[in-house]
Amino acid sequence: MPHHTQPTTISLEDLYPVPEFAAENSKILSVDTLRWQLRNRHKNGLATCCVQVGRKLLISKSRYEAWLTEQAGKAVAA
């Protein structure tokens, strides 16, 4: 299975605060689900999708989509 490589830069327009990201993707995500994923980001690989700015954690939409695609591939392969 091909491994998706992350771009080395993240566009500012691609970064979202947790509540806004969950709201824009409410068909598949709740704030609680996203927060659970983020609490475990260093174990599940989601850390590469995040940028910490002060106390605020921002999520890269494009990187999250790549991560989700990778997770779906792992589920199919299992």
Side-chain angles (χ1 to χ4, degrees):
M1 173 175 310
H3 179 70
H4 299 279
T5 59
Q6 300 291 344
T8 56
T9 61
I10 300 174
S11 167
L12 294 178
E13 291 82 28
D14 191 41
L15 294 173
Y16 294 84
V18 172
E20 184 179 330
F21 189 79
E24 286 196 15
N25 299 287
S26 62
K27 287 184 178 182
I28 61 164
L29 283 176
S30 67
V31 172
D32 290 339
T33 297
L34 187 56
R35 287 192 192 283
W36 182 85
Q37 290 174 340
L38 292 171
R39 271 194 305 276
N40 295 288
R41 67 186 177 272
H42 298 290
K43 295 177 190 171
N44 63 22
L46 196 55
T48 60
C49 305
C50 302
V51 175
Q52 187 85 38
V53 179
R55 291 180 44 107
K56 186 177 278 193
L57 187 65
L58 302 173
I59 303 166
S60 164
K61 181 177 181 179
S62 62
R63 288 184 180 200
Y64 184 88
E65 289 169 347
W67 175 83
L68 194 59
T69 300
E70 188 174 311
Q71 299 307 305
K74 287 178 183 176
V76 170

For Leu57 against Cys50, the heavy-atom pair lying closest together: CD1-CB, 3.7 Å
Under 3.5 Å donor-acceptor, Thr69 side chain and Glu65 backbone: yes
Pairwise distance NZ(Lys43) to CD(Gln37) - rounded to 0.5 angstrom: 14.0 Å
Connected via hydrophobic side-chain network under 4.5 Å: Ile28 and Trp36: no
Distance in Å, Cys49 SG paired with Leu68 CG, rounded so as to fall on 0.5 Å steps: 9.5 Å
Donor-acceptor under 3.5 Å (Arg35 side chain, Asp32 main chain): no
Ile10 side chain reached by Leu58 side chain, heavy atoms, under 4.5 Å: no
From Asn44 atom CG to Arg39 atom CZ, the distance as rounded to the nearest 0.5 Å: 11.5 Å
Could you give the side-chain donor-acceptor pairs of residues 13-21 under 3.5 Å, partners two or more places apart or in another chain?
residue: Glu13; atom: OE1; partner: Ser11; partner atom: OG; Å: 2.6
residue: Asp14; atom: OD1; partner: Lys61; partner atom: N; Å: 3.3
residue: Asp14; atom: OD1; partner: Ser62; partner atom: N; Å: 3.0
residue: Asp14; atom: OD2; partner: Ser60; partner atom: OG; Å: 2.5
residue: Asp14; atom: OD2; partner: Ser62; partner atom: N; Å: 3.4
residue: Asp14; atom: OD2; partner: Ser62; partner atom: OG; Å: 2.7

Leu38/Ile59 under side-chain contact (heavy atoms from CB on, under 4.5 Å): CA gap, chis, key distance, verdict: CA-CA 9 Å; Leu38 292 171; Ile59 303 166; 3.8 Å; yes
Gap between atom CZ of Arg41 and atom CH2 of Trp67 - 0.5 Å precision: 12.5 Å
